[in-house]
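Note that the structure is predicted; figures quoted are calculated from it, not measured. Excluded from the calculations below are hydrogen atoms, water molecules and symmetry mates; all remaining heavy atoms, backbone and side chain alike, are included. Quick note on labels: first sequence line is chain A, next is B, and so on, each numbered from 1.
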Amino acid sequence: MSPWKELIEYKNLSKLGFHETLTGGQCFGWNTTSDNSWIGSFSTKVVELRFENRTIFWRTSLTYPATSEEILEYLWVEKSYDDAINELPWRSDSVLAECIEALPGLRILKQSIDETLFYFLLSSAKSIPQIQAIGKLVFQKYGKKLFENIYSFPGWDRLAQIPERELRMLKLGYRAKYVAQTARFIASRQNWLESIMELKYADAKKQLLRLPGVGEKVADCTLLFGGNFLEAFPIDTWIEKSMEKRYNLNGWNTAQKLHFASMHFGKFAGLAQQFLFSAERLKVFKD
DNA sequence: TGTCGACCTGTGAA
DNA sequence: ATTCACAGGTCGA
């Protein structure tokens, strides 16, 4: 590992918000190394981050290094994040205001779409630690070793060569079929997944829904966390409860809730979603 | 269009 | 020890 360096001093960031960003279920490749540090990888670059006195420090692997610019981009530490927060309707929405106040600096990471799709194909009826665990088994067996205990995403072309039964042995359960079939779909269409990012949100979502194992929720997670579509608003069980309880949307169906989210939260609805999700999960509200 | 059970497996509470 | 519900869902009837 390289020596520690200062990445940025960042006053609108809390340890909780940062921790939740890295381990709260939008990504699955980070592990805590101490009370205030985390190690993980993105795009085959290995990085350790530390949060201290409102400052982020970083160091990187010597064989798979990242630059500070790449880390800042991955973490969405840019003015556009502050602008996005500013555009959310927290001034007139006390629920959202409370979430943002409780989790300063919570953000959407800029992950790669292929790896993000893979993880969320595994996500149904699994807890966050389990998604992380079974994902890691696949990385370990078919990916490249980047660092002690850190392996790379094997890629869809590689996954397409693996029989479903072999994936089942890695504890994927019925998700093995989703991964195997999706891998074959993607591998047989050159540049199909990457080209989705050039589309408009609605069209990109429509394309992803063609994949086996990808329903509305997984499609939105993939687009929000892996495609930088910040208007995507994944509705999972937590958000479902949040919208019914906090916004009195009992009896509304999914399409109606999505419409509400789009109207009320606007083009950064996905960021709002992350605040609502984490606040609900971490029990920020007294109920 | 809306509802319901099956689908794998692990974990934690009763 | 054994059961049972539930876990950031999707699919097909």
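With C:dT10, B:dC8, B:dT9 as the candidates, the nucleotide lying closest to the side chain of A:Q130 is B:dT9. If you check C:dT10, C:dG8, B:dG10 against the side chain of A:Y178, the one that comes closest is C:dT10. Counting only heavy atoms from C-beta on, A:A125 has its side chain closest to C:dA7 among C:dG8, C:dA7, B:dT9.
Residue ring and base: A:F277 counts as stacked with C:dG8 (centre distance below 5.5 Å, interplanar angle below 30°).
Listed for the A:S61 side chain is a donor-acceptor partner under 3.5 Å among the backbone atoms of A:T63. Between the side chain of A:R175 and the main chain of A:S124, a donor-acceptor pair closer than 3.5 Å is present. At distances below 3.5 Å, not a single donor-acceptor pair connects side-chain atoms of A:R246 with backbone N or O atoms of A:V95. A:Q132 places a side-chain N or O within 3.5 Å of a backbone atom of A:W30 that can act as its donor or acceptor partner.
You'll find the ring centres of A:F120 and A:F28 inside the 6.0 Å limit.
In this structure, A:K171 reaches the sugar-phosphate backbone alone: every heavy-atom distance under 4.0 Å involves primed, P, OP1 or OP2 atoms, never a base. Contact annotation for A:Q274: base contact, defined as any heavy-atom pair under 4.0 Å involving a base atom. Within the 4.0 angstrom heavy-atom criterion, only backbone atoms of the sugar-phosphate kind lie near A:E216; the bases stay farther away. A:L211 comes within contact range of the sugar-phosphate backbone alone, with a heavy-atom separation under 4.0 Å but no base atom that close.
At least one side-chain nitrogen or oxygen of A:R168 sits closer than 4.0 Å to the OP1 or OP2 atom of B:dC8. The side chain of A:N253 places an N or O atom within less than 4.0 Å of a non-bridging phosphate oxygen (OP1 or OP2) of B:dG2.
Residues A:P234 and A:G213 both approach DNA chain C. Their nearest nucleotides, taken by heavy-atom distance, put A:P234 toward the 5′ side.
Between the P atom of B:dC8 and the CD1 atom of A:I131 lies a distance of 18 Å, rounded to the nearest Å. A:L172 has its CG atom 14 Å from the C1' atom of B:dC7, to the nearest Å. A:E240 has its CD atom 12 Å from the P atom of B:dG2, to the nearest Å. In this structure, the CD1 atom of A:I239 is 15 Å from the C1' atom of C:dG9, given to the nearest Å. In this structure, A:L282 atom CG and C:dG8 atom P are separated by 12 Å, rounded to whole Å. A:I128 has its CD1 atom 15 Å from the C1' atom of B:dT11, to the nearest Å. One can place CD1 of A:I108 at 17 Å from P of C:dG8, the figure rounded to the nearest angstrom. When the P atom of B:dT11 is taken as reference, atom CD1 of A:I134 falls 11 Å away, rounded to whole Å.
A donor-acceptor contact under 3.5 Å is not formed by the side chain of A:K217 with the base of C:dT10. At a cut-off of 3.5 angstrom, the base of B:dC8 holds at least one donor-acceptor pair with the side chain of A:R175. The base of C:dG8 is not paired with the side chain of A:E280 by any donor and acceptor separated by under 3.5 Å.
Taking the P atoms as reference points, C:dT2 lies 25 Å from B:dC8, given to the whole Å. Taking the P atom of each, C:dG8 and B:dA13 are spaced 15 Å apart, rounded to whole Å.
Stem analysis of DNA chain B (Watson-Crick or G-U pairs, both distances under 3.5 Å, runs of at least three) returns B:3-7 with C:9-13, B:9-14 with C:2-7.
A:W192 and A:S188 are not linked by any side-chain donor-acceptor pair at a separation below 3.5 angstrom, with hydrogens and angles left out of the test. In this model, a donor atom of one side chain and an acceptor atom of the other lie less than 3.5 Å apart for A:T33 and A:E48. A donor and an acceptor atom, one from each side chain of A:S112 and A:D114, are located under 3.5 Å apart.
Figure legend: A:R158 and A:Y142 shown without cation-pi pairing, the cationic atom not lying both under 6.0 angstrom from the six-membered ring centre and within 45 degrees of its axis.
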